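Structure first, commentary second.
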Amino acid sequence: MFQFGFMFPEIPRPFNMTYQCYSVAMFPGNERQDVERGGKIIMPPSALEQLTRLNINYPMLFKLVNKKTNRTTHCGVLEFVADEGKVYLPLWMMHNLVLTEGDLVQMESVSLPVGTFSKFQPLNPDFLDITNPKAVLENCLRSFACLTTGDVIAVKYNQKAYELCVLETKPGDAISIIECDMNVEFAAPVGYKEPEKEKKEHEEMSVDPADLMPEPSGFVAFRGAGNRLDGKKRKDTAGSENISKPTYVKGIPDYDYKIGTLKFIRRTVKPKSNDAPEDTEFKAFSGTGFSLRGRT
C-alpha cells in the first residue's frame, strides 16, 4: 500500500484554549526575572503535547484575548512548566489586557508577518538619560517574540523600569521579531519639552565709537570753519564748528590712551521677536534601526 501521508503533509490545526492567568510573581519556586523582562509566557506541559499533535507552525506565537474587555495582545512561549490549567504572564502584559490574578484568558495560535518597522514612545523623559537607548532597547527586544501596536512594554535598565508604548508596527498591527532586520524610531517622550535654543542677540552700539576716540592733535586738514560773503551764518553748521571725527577701526588699540581714564561702550539689545516660528519637532533617535538576527 502507498503511504499518501508522504505526499500530502498534515495541515496545521489551530490551538484554542482558555486558562487562568497569573503574574510571574505567583509562580512557585525561584523568581523568574527572565519572564518579567520579556514578552514570553509559561504554559502547562499539556499544552505542549496538544500543540505537537496539532502540527502548528513554528515559531509558536499566540494571541491572548480578555473576553471581558476585548483587549488583545500577542506573545511567545518560554517554557511548559506551569501548573495544569494555568499560565504565567509578565506583569506588563497583564496590565495591557486589564487582567487580575486568576482571571481567564483565551489563547489562540497565530502566524504573524516578520516585522520591518516599529515606532516607540517612552512614557517618561528619563528614558533619554540613558547613554545609548537604542542599544538598551535592542538588548531588551531579544527576549520578545512579537510586538503588538498599542501595547506598553517594560524595559529594565540599571534596576529601573522604563515603559514604552508601541505606536506603530509594520507590515501589520502585530509582527514577529524573531530573526529579523527591523527599523526603529522613537517619538518624543510623554511630557518632553524641547530645550530652548540659544539665540544670538542682535546688539547695536548705543554710542558711536568714533565719539570716544581722542581728538586729533597737530595739523588737521579742513578743520577750519568757512564764512559766507554776505555775513550770514550757514544753516548746516548752526553756529558749531564742523570738526571731522577720526575714523574708528575695530581691533586697533588706542595708542594715545592716558592712564587713569576708563571708557565704556554700552550695548542695546533688540527685543526678541515672537513672530519667528520655532522648530519644536522631536528629532532625537529618528530613523534608527537594528538587527535582531543571531539570537541566543
Side-chain angles (χ1 to χ4, degrees), residues 23-25 27 30-42 61 73-76 78 88-98 112 114-199 278-296:
S23 62
V24 180
F27 186 75
N30 297 330
E31 295 183 2
R32 298 297 303 268
Q33 293 297 329
D34 53 341
V35 182
E36 198 65 60
R37 293 174 180 172
K40 300 178 182 180
I41 66 174
I42 298 178
L61 301 177
T73 189
H74 298 79
C75 69
L78 184 63
Y88 293 90
L89 281 62
L91 186 59
W92 65 265
M93 193 176 295
M94 294 190 65
H95 289 167
N96 287 330
L97 294 173
V98 195
L112 301 178
V114 178
T116 58
F117 172 82
S118 59
K119 187 173 183 179
F120 298 87
Q121 182 183 33
L123 300 186
N124 194 318
D126 293 344
F127 184 72
L128 299 181
D129 296 337
I130 300 176
T131 304
N132 193 343
K134 172 178 168 288
V136 172
L137 179 62
E138 177 184 358
N139 184 60
C140 174
L141 291 182
R142 294 185 184 278
S143 301
F144 284 70
C146 48
L147 292 173
T148 306
T149 301
D151 276 0
V152 177
I153 66 174
V155 175
K156 289 192 175 182
Y157 178 73
N158 283 348
Q159 306 300 322
K160 186 175 180 179
Y162 300 91
E163 293 184 331
L164 284 79
C165 179
V166 184
L167 294 183
E168 184 181 359
T169 56
K170 292 181 181 179
D173 292 337
I175 57 174
S176 170
I177 60 173
I178 298 176
E179 298 292 338
C180 72
D181 296 328
M182 181 174 62
N183 293 323
V184 175
E185 285 187 3
F186 288 89
V190 176
Y192 174 81
K193 293 183 180 180
E194 189 76 17
E196 297 182 359
K197 299 179 181 179
E198 296 182 359
K199 298 181 179 179
E278 296 183 359
D279 184 12
T280 59
E281 183 181 358
F282 180 82
K283 297 181 179 179
F285 317 114
S286 177
T288 60
F290 52 76
S291 173
L292 293 176
R293 296 184 180 276
R295 295 165 176 257
T296 57

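What you see is a predicted model; the values in this text were computed from it and never measured.
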Residues 166-174 side chain polar contacts: donor-acceptor under 3.5 Å, at least two apart:
{"unit_1": "T169", "atom_1": "OG1", "unit_2": "T149", "atom_2": "OG1", "d": "2.7"}
{"unit_1": "T169", "atom_1": "OG1", "unit_2": "G172", "atom_2": "O", "d": "2.5"}
{"unit_1": "T169", "atom_1": "OG1", "unit_2": "D173", "atom_2": "O", "d": "3.3"}

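Between the side chain of N124 and the backbone N or O of D126, at least one donor-acceptor pair lies under 3.5 Å.
The side-chain heavy atoms of T116 and D181, taken from C-beta on, include no pair separated by under 4.5 Å. Two residues are said to be in side-chain contact when any heavy atoms from C-beta on lie closer than 4.5 Å; V114 and E179 fail this criterion. Looking at V136 and V155, their side chains come closer than 4.5 Å, going by heavy atoms from C-beta outward. Here the side chains of C75 and L89 are not in contact, with every heavy-atom distance at 4.5 Å or above. Counting only heavy atoms from C-beta outward, the side chains of V24 and L91 never approach each other to under 4.5 Å. Using a 4.5 Å cut-off on side-chain heavy atoms (C-beta onward), V184 and K134 make no contact. Counting only heavy atoms from C-beta outward, the side chains of I178 and F144 never approach each other to under 4.5 Å.
In this structure, CG on L141 lies 7.0 Å from OG on S118, to the nearest 0.5 angstrom. The distance from the CE atom of M93 to the OG1 atom of T148 is 8.0 Å, given to the nearest 0.5 Å. Once rounded to the nearest 0.5 Å, the distance linking OG1 of T73 with NE2 of H95 reads 13.5 Å. Separating the OG1 atom in T131 from the CG atom in N158 is a distance of 8.5 Å, to the nearest 0.5 Å. Taken from NE2 in H74 to CG in L147, the straight-line distance is 11.0 Å, to the nearest 0.5 Å.
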message: Is there a side chain to side chain contact (heavy atoms under 4.5 Å, CB included) between V35 and Y88? Walk through the geometry before answering.
response: CA-CA 9 Å; V35 182; Y88 293 90; 5.9 Å; no

query: Step by step, would you call I175 with M182 a side chain to side chain contact (heavy atoms under 4.5 Å, CB included)?
result: CA-CA 11 Å; I175 57 174; M182 181 174 62; 4.0 Å; yes

task: Would you sort out whether K160 and K156 count as a side chain to side chain contact (heavy atoms under 4.5 Å, CB included), showing the intermediate values?
output: CA-CA 5 Å; K160 186 175 180 179; K156 289 192 175 182; over 6 Å; no

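Nearest approach of P122 to L164, heavy atoms of both residues: CA-CG, 4.2 Å. When every heavy atom of Q121 is checked against every heavy atom of A187, the shortest pair comes out as CB-CB, 4.0 Å. Smallest separation of non-hydrogen atoms from C146 and G76: SG-N, 4.4 Å. Here the closest heavy-atom approach between residue S176 and residue C180 is recorded as O-SG, 4.3 Å. Minimum heavy-atom separation, P133 to F127: CB-CE2, 3.5 Å.
F120 and F186 have tilted rings, their planes meeting at an angle from 30° to 60° on a 0 to 90° scale.
Under the rule for a side chain to side chain contact (heavy atoms under 4.5 Å, CB included), the partners of V152 that lie at least two apart in sequence or sit in another chain are N96, L123, E163, C165.
Between Y162 and W92, the distance from one ring center to the other does not fall under 6.0 angstrom.
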